[in-house]
Amino acid sequence: MSEKIALGFCNNVDYEIVWKAEVLEALVIRYQIGAGEPDARIRIESERDLVVSILGFMKAAEGGERFVAGSEIIERFAERFEKKITLGGTSVRAAIAMQKLGYTSALHLITQNEDVRRLIPPDSPYVCGKDQDSFHPHLIVQFGEGDRVCAGEIDIRARQSNRLIYHCNADRIAMRLAPNFADLLSDAQVLLISGFNAMQDRRLLLDRLATVSRMLNCLPDDATVYMEDGGYYEPSFRQAIFRRLGRRIGVFGLNEDELQTHLKRKVALRDARQVSRAVKDLHRFIPAAAIVLHTQHWALAHGDAASRYAEALRAGVTLATTRFRYGDDFTRADYREIERRPPSAENATFANVINSAEGGNLCCVPVAEVEQANATTIGLGDAFVGGFLPALLS
């Protein structure tokens, strides 16, 4: 085994639908959805609930991940749109993105089927926790800034672009792990931990974490463990993960929606004082050596000697911005072009304020200025991870 990057622990098939407001407007009329009903946190037990949830996220100008009562709801809704079948899961999307830059990785899968075998990077060795094929699609909805749904009592315009994930995935709930993934870790310098956010049974979670803990013993002593956050079905499970694995987590990564969920308050992303205070507050109860917060405007690290992550932050935002600008078919030349672009004045000013703070425990990199119609908002956090992790090798 010679892979220096190992990525766990889950994967899935995504239905990426093409946004079409007319379809949602027809459903608003069909289900007689009232002006006061849009709610991002509604329990999703029908197609009507799904529409109410999407409208709620648009109204709040937020992204997120939600559990759906049955995959048939996803299938029915997705059939109303043009869609693309892709692979999802932070680990797999990161592997696909970093492959464009010439990096390979070892993968742990929890789902196998024809789509997975067709789309997974062919040079990535992998193991899977499940022997039989299974299929539990995720619905991916992305709306752009200014997209509008106007029908009946509903009139909502998205204030910013974002993406939503909906699923009823039995494989992600069970998270069956393959102990022989440990065999792929002996040479790894970086390990990604992600994917436990859909689990619903605490005893099962603790069992899976015990398996991961044993796997970590096979890593070289100087390897970096990076844990990426997510939208948890049961938020308290995060603390169980921290208690079991916290001493080995070198970097804990998350986006602004997840930050605000942790802190239970809004954070103005252009206000350096608010952001600095928010990241420090978060770090008080997350036992990782460093916190990495990635957003559409900038990415920053908080922790001792945070500046050592500067190149990784820069590589992460460059890869995420490349995917934003060029979609799945970007090339290494596209990446280099984005790498040369300057940041907006606003992003650069914010980063300068953060980097001039006393103490040296904050490091911020601004995002390059890119204007793009119909930009990709799906998997940008995964692309950030795909850029960040290889940079840790040096």
I'd like to know if the side chain of Glu3 reaches the main chain of Ser124, judged simply by a donor and an acceptor atom lying under 3.5 Å from each other, with no hydrogens or angles considered.
no

I'd like to know if the side chain of Gln189 reaches the main chain of Leu393, judged simply by a donor and an acceptor atom lying under 3.5 Å from each other, with no hydrogens or angles considered.
no

Check whether any side-chain N or O of Gln142 sits under 3.5 Å from a backbone N or O of Ser161 as a donor-acceptor pair, and report yes or no.
no

Heavy-atom check, side chain of Val141 versus side chain of Phe57, under 4.5 Å:
no

For Tyr15, the option from Ile85, Thr86, Ile140 that meets side chain to side chain contact (heavy atoms under 4.5 Å, CB included):
Ile85

A side-chain contact here means heavy atoms from C-beta on lying under 4.5 Å apart; do Asn169 and His138 qualify?
yes

Report yes or no: does Trp298 contribute a side-chain atom to a donor-acceptor pair with the main-chain N or O of Val317 at less than 3.5 Å?
no

Rounded to the nearest 0.5 angstrom, the CG-OG distance for Asn355 and Ser307 is 9.0 Å

Please check this pair: side chain of Arg66 against backbone of Ala40, looking for a donor-acceptor N/O pair closer than 3.5 Å.
yes

Where do Leu205 and Ala240 come nearest, in terms of heavy atoms and distance?
CD2-CB, 4.0 Å

With distance as the sole test, does Ser53 use its side chain to make a donor-acceptor pair with the main-chain N or O of Asp49 at under 3.5 Å?
no

Can you find a pair of side-chain heavy atoms, one from Tyr309 and one from Phe388, that are under 4.5 Å apart?
yes

Could you tell me whether Arg157 and Asp147 have a side-chain N and a carboxylate O separated by less than 4.0 Å?
no

Is the shortest distance from a Lys or Arg side-chain nitrogen in Arg80 or Glu47 to a carboxylate oxygen in the other one below 4.0 Å?
yes

When you check the gap from the basic side-chain N to the acidic O, do Glu72 and Arg76 get nearer than 4.0 Å?
no

I'd like to know whether Arg273 forms a side chain to side chain donor-acceptor pair (under 3.5 Å) with Ser276, so could you lay out the CA-CA distance, the side-chain angles of the two residues, the decisive distance to 0.1 Å, and finally the verdict.
CA-CA 5 Å; Arg273 183 176 297 179; Ser276 176; over 6 Å; no

Measuring only between side-chain heavy atoms, which start at C-beta, is Arg243 closer than 4.5 Å to Leu209?
no

For Glu62, is there any backbone N or O sitting under 3.5 Å from a side-chain donor or acceptor partner on Asp257?
no

Measuring from Ile120:CD1 to Asn11:CG, what's the distance to the nearest 0.5 Å?
6.5 Å

If you measure from the Lys or Arg side-chain nitrogens to the Asp or Glu carboxylate oxygens, is any gap between Asp382 and Arg323 under 4.0 Å?
no

Any donor-acceptor N/O pair, Arg248 side chain to Leu216 backbone, under 3.5 Å
yes

Give me the atom names and distance for the closest heavy-atom approach of Ile29 to Gly152.
CD1-N, 3.5 Å

So, the side chain of Gln260 versus the backbone of Lys266: is there a donor-acceptor pair under 3.5 Å, distance only?
no

Find out whether His167 and His136 are in side-chain contact, i.e. whether some heavy atom of one side chain is under 4.5 Å from a heavy atom of the other.
no

Aromatic centroids of Tyr232 and Phe237 separated by under 6.0 Å
no

Paired with Glu16, the salt bridge (charged side-chain N to carboxylate O under 4.0 Å, His left out) test is passed by just one of Lys84, Lys83, Arg93, namely Arg93

Taking the side chain as every heavy atom from C-beta outward, state whether Pro38 and Met58 have any pair of such atoms under 4.5 Å apart.
no

Minimum side-chain heavy-atom gap Tyr326-Thr331 below 4.5 Å:
no

Between Asp171 and Arg176, is any pair of side-chain heavy atoms under 4.5 Å apart?
yes

Is the Phe242 to Phe252 ring centre distance short of 6.0 Å?
yes

Greater than 12 external heavy atoms within 6.0 Å of Asp155's CG:
yes

Using a cut-off of 6.0 Å, state whether more than 12 heavy atoms not belonging to Arg43 lie near its atom CZ.
no

Residues, nucleotides or ligands: over 12 heavy atoms within 6.0 Å of Arg203 CZ
no

Charged N-O contact under 4.0 Å between Asp133 and Arg117:
yes

Ignoring hydrogens and geometry, is there a side-chain-to-backbone donor-acceptor pair from Thr321 to Thr318 under 3.5 Å?
no

